Enquirer: 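Handing you this structure, nothing more for now.
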Amino acid sequence: MRKKIVAGNWKMNKNYTDGLSLFSEVLNMVKDEVRGQQQVIVCAPFIHLHSLTALAKGHAQLSVGAQNMHQEASGAYTGEISGEMLASVGVQHVILGHSERRQYFGETDALLAKKVDAALGNGLAPIFCIGETLTEREGGSHFDVVKKQLADGTFHLSADDFKKLVIAYEPVWAIGTGLTATDEQAQEIHAFIRKQIAEKYGEAAADEISILYGGSCNPKNAAGLFAQADIDGGLIGGASLKSRDFVDIAKTYN
């Protein structure tokens with residue numbers, strides 16, 4: 001059975017004190033209220049990671065992720081952070097290829113393939129993001145865009161390494177806009193992604209990998225999205241900054 005995952009992406013939000021407070025609220029709510037086998041991940045800014053992994057230690061359902069990392073092991077890369085650094089403070093996951101990294105920082109599929117390798121080499125599980133813009137969807141190229149991002153960023157991996165990934169489909173036009181793909185739109189492209197994986201790695205591998213939906217997911221629409229056959233949870237942005245909303249989304253799988 002595929003893992004059900006609800007991952008929060010705080011983006012560039014929360015100072016140190018506020019981040020500790022938010023995470024503590026989430027931790028206690030998850031302990032008290034989450035009853036299923038779903039995995040809850042909080043991907044926080046770098047300043048929080050050491051403290052959050054310490055708080056989460058020993059909690060099977062709650063883990064911590066980073067939002068980015070550099071592709072090189074070390075060196076003269078001022079302002080960057082390596083996979084080894086993240087792993088050394090207990091981080092288990094890292095978001096790679098988020099649309100904001102692609103758009104604002106010019107990250108290419110070739111660069112992201114290197115980041116995926118670096119993450120896996122340090123025992124980190126990448127949450128690899130793919131998705132189309134509004135122009136690409138309206139132009140009918142969204143399937144081609146998603147296929148290329150997935151293949152160019154991850155299909156160089158062995159089958160054993162590929163199964164360590166989590167894939168997140170994020171329609172760029174639905175991030176921070178209040179727009180959300182319909183349940184049917186989301187299911188259609190999630191099924192397409194799983195089909196691409198099956199063609200590359202086989203049906204068994206495709207059936208095992210978790211594919212998350214990321215695009216203005218909230219407590220009101222989570223149930224409909226998560227009920228779809230090929231949607232295995234969500235990569236949550238704005239709603240992850242509110243402990244009640246975030247845990248209520250996670251509780252969809254109770």
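Index from 1, following the sequence. Only a predicted model underlies this, so the values are computations on that prediction, with no experimental measurement involved.
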Enquirer: Taking it one step at a time, do I41 and I5 satisfy side-chain contact (heavy atoms from CB on, under 4.5 Å)?
Expert: CA-CA 7 Å; I41 305 170; I5 299 170; 3.7 Å; yes

Enquirer: Between CG of L150 and SG of C129, what distance do you get to the nearest 0.5 Å?
Expert: 12.0 Å

Enquirer: Any side-chain heavy-atom pair from H48 and F23 closer than 4.5 angstrom?
Expert: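 With C-beta onward as the side chain, the pair stays apart.
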
Enquirer: Membership question, hydrophobic clusters at under 4.5 Å side-chain separation (ILVMFWY): are L212 and I167 in the same one?
Expert: no

Enquirer: Would I193 and I130 count as a side-chain contact (heavy atoms from CB on, under 4.5 Å) here? Give the steps.
Expert: CA-CA 10 Å; I193 292 166; I130 54 179; 3.8 Å; yes

Enquirer: With the side chain counted from C-beta on, respond yes when H59 and L27 share a heavy-atom pair under 4.5 Å apart, and no when they do not.
Expert: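 H59 reaches L27 side chain to side chain.
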
Enquirer: Indicate yes or no: at least one non-hydrogen side-chain atom of V6 is less than 4.5 angstrom from one of F246.
Expert: yes

Enquirer: What residue pairs, at least two apart or across chains, pass side-chain hydrogen bond (donor to acceptor under 3.5 Å, both in side chains) with a residue in residues 145-154?
Expert: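 Qualifying pairs: K148-D152.
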
Enquirer: Can you hop from V91 to V26 via hydrophobic side chains spaced under 4.5 Å?
Expert: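 V91 clusters together with V26.
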
Enquirer: If every non-hydrogen atom of S99 is compared with every non-hydrogen atom of V172, which pair is closest and at what distance?
Expert: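 Smallest interatomic distance, heavy atoms only, reads CB-CG2, 3.6 Å.
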
Enquirer: Distance alone, cut at 3.5 Å: any donor-acceptor contact between the side chains of Q67 and H98?
Expert: no

Enquirer: Take K3 and D232, measure what side-chain contact (heavy atoms from CB on, under 4.5 Å) needs, and give me the verdict at the end.
Expert: CA-CA 7 Å; K3 289 181 181 178; D232 304 306; over 6 Å; no

Enquirer: Would you say the side-chain atoms of Q71 and D117 include a donor-acceptor pair closer than 3.5 Å?
Expert: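 Side-chain D/A pair, Q71 to D117: absent.
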
Enquirer: Quick check for you: to the nearest 0.5 Å, what is the distance between K115 atom NZ and L120 atom CG?
Expert: 14.0 Å

Enquirer: Salt bridge check: are E100 and K11 linked by an N-O gap of less than 4.0 Å?
Expert: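 Yes, charged N to carboxylate O under 4.0 Å.
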
Enquirer: At their closest point, which heavy atom of V42 faces which heavy atom of L52, and how far apart are they?
Expert: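 In this case the closest contact between V42 and L52 is CG1-CD1, 4.5 Å.
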
Enquirer: Determine whether more than 12 heavy atoms belonging to other residues, nucleotides or ligands lie under 6.0 Å from atom NZ of K14.
Expert: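 Counting other residues, nucleotides and ligands, NZ of K14 exceeds 12 neighbours.
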
Enquirer: Could you pull out the closest heavy-atom pair between L49 and A44, with the gap in Å?
Expert: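 So the two residues come closest at CD2-O, 3.6 Å.
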
Enquirer: Please check if atom CD in E33 has more than 12 non-hydrogen atoms from other residues, nucleotides or ligands closer than 6.0 Å.
Expert: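 Counting other residues, nucleotides and ligands, CD of E33 exceeds 12 neighbours.
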
Enquirer: If hydrophobic clusters are built from ILVMFWY residues whose side chains come within less than 4.5 Å, do M69 and V166 share one?
Expert: no

Enquirer: Measuring from atom CZ of F155 to atom CD of Q196, what distance do you get when rounded to the nearest 0.5 angstrom?
Expert: 6.5 Å

Enquirer: Please find the pair of heavy atoms, one from A186 and one from L225, that lie closest to each other, and give the distance.
Expert: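 Reported closest heavy-atom pair: CB-CD2, 3.8 Å.
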
Enquirer: Using the ring of each side chain (for Trp, its six-membered ring), is Y169 parallel, tilted or perpendicular to H190, with breaks at 30° and 60°?
Expert: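 Plane angle over 60°, so perpendicular.
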
Enquirer: Give a yes or no answer on whether the side chain of N221 reaches the backbone of S216 with a donor-acceptor pair at less than 3.5 Å.
Expert: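 At least one qualifying donor-acceptor pair exists.
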
Enquirer: Give the cluster check for I249 versus V64: same hydrophobic cluster or not, with ILVMFWY residues linked at side-chain heavy-atom distances below 4.5 Å.
Expert: yes

Enquirer: With a sphere of 6.0 Å drawn around NE2 of H156, does it hold more than 12 non-hydrogen atoms of other residues, nucleotides or ligands?
Expert: yes

Enquirer: Of all the heavy-atom pairs spanning S51 and L20, show the shortest one and how long it is.
Expert: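 Nearest heavy atoms, S51 then L20: CB-CD2, 3.6 Å.
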
Enquirer: Measure from the side-chain N and O atoms of D18 to the backbone N and O of N15, and report whether any donor-acceptor pair falls under 3.5 Å.
Expert: no

Enquirer: Is the closest side-chain heavy-atom distance between Y253 and V34 below 4.5 Å?
Expert: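 No. Closest side-chain heavy atoms not under 4.5 Å.
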
Enquirer: Do M29 and K251 come within less than 4.5 Å of each other through their side chains, counting heavy atoms only?
Expert: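 No, too far: nothing below the 4.5 Å cut-off.
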
Enquirer: Got a sec, which pairs hit side-chain hydrogen bond (donor to acceptor under 3.5 Å, both in side chains) with one end in residues 80-92, sequence neighbours left out?
Expert: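 Passing the test, one end in residues 80-92: no pairs.
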
Enquirer: Does a side-chain heavy-atom distance below 4.5 Å link L22 with W10?
Expert: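 In short, these two side chains touch, coming nearer than 4.5 Å.
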
Enquirer: Between D207 and R194, does any NZ, NE, NH1 or NH2 come within less than 4.0 Å of an OD or OE carboxylate oxygen?
Expert: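 Here R194 does not pair with D207 in a salt bridge, since their nearest N and O are not under 4.0 Å apart.
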
Enquirer: Could you tell me whether a side-chain N or O of T53 sits under 3.5 Å from a main-chain N or O of V89, the two making a donor and an acceptor?
Expert: yes

Enquirer: Could you give the distance from CD (Q185) to CD (Q228), rounded to the nearest 0.5 Å?
Expert: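 Taking CD in Q185 and CD in Q228, the distance rounds to 11.5 Å.
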
Enquirer: Are a donor atom and an acceptor atom from the side chains of E132 and W173 found within less than 3.5 Å of each other?
Expert: yes

Enquirer: Got a donor-acceptor contact below 3.5 angstrom from the N122 side chain to the A118 backbone?
Expert: yes

Enquirer: What are the two closest heavy atoms between V146 and G131, and how far apart are they?
Expert: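 Reported closest heavy-atom pair: CG2-CA, 4.1 Å.
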
Enquirer: Taking R102 for the side chain and G97 for the main chain, is one N or O donor matched with an acceptor at less than 3.5 Å?
Expert: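 Such a contact is found between R102 side chain and G97 backbone.
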
Enquirer: Within this structure, what is the CD1-CZ distance for the pair I211 and F128, rounded to the nearest 0.5 Å?
Expert: 13.0 Å

Enquirer: Answer whether the closest heavy-atom distance between the side chains of I127 and L96 falls below 4.5 Å.
Expert: no

Enquirer: Is the backbone of R35 close enough, under 3.5 Å, to the side chain of N254 for a donor and an acceptor to pair up by distance?
Expert: yes

Enquirer: Please answer whether the main-chain N or O of G215 pairs with a side-chain N or O of Y213 as donor and acceptor at a distance below 3.5 Å.
Expert: yes

Enquirer: How many angstroms lie between CD in E136 and CG in D144, if you round to the nearest 0.5 Å?
Expert: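 The CG atom of D144 is 10.0 Å from CD of E136, to the nearest 0.5 Å.
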
Enquirer: Using the rule that two of Ile, Leu, Val, Met, Phe, Trp, Tyr join whenever any of their side-chain heavy atoms come within less than 4.5 Å, decide whether I95 and L62 are in one cluster.
Expert: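 They do not share one cluster, since no chain of ILVMFWY contacts under 4.5 Å joins I95 to L62.
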
Enquirer: Looking at Q61 and Q38, would you say the former's side chain and the latter's main chain have a donor-acceptor pair under 3.5 Å?
Expert: yes

Enquirer: One pair to check against side-chain contact (heavy atoms from CB on, under 4.5 Å): I81 and L86. What are the steps and the verdict?
Expert: CA-CA 7 Å; I81 194 164; L86 296 176; 3.8 Å; yes

Enquirer: A side-chain contact here means heavy atoms from C-beta on lying under 4.5 Å apart; do K4 and Q39 qualify?
Expert: no

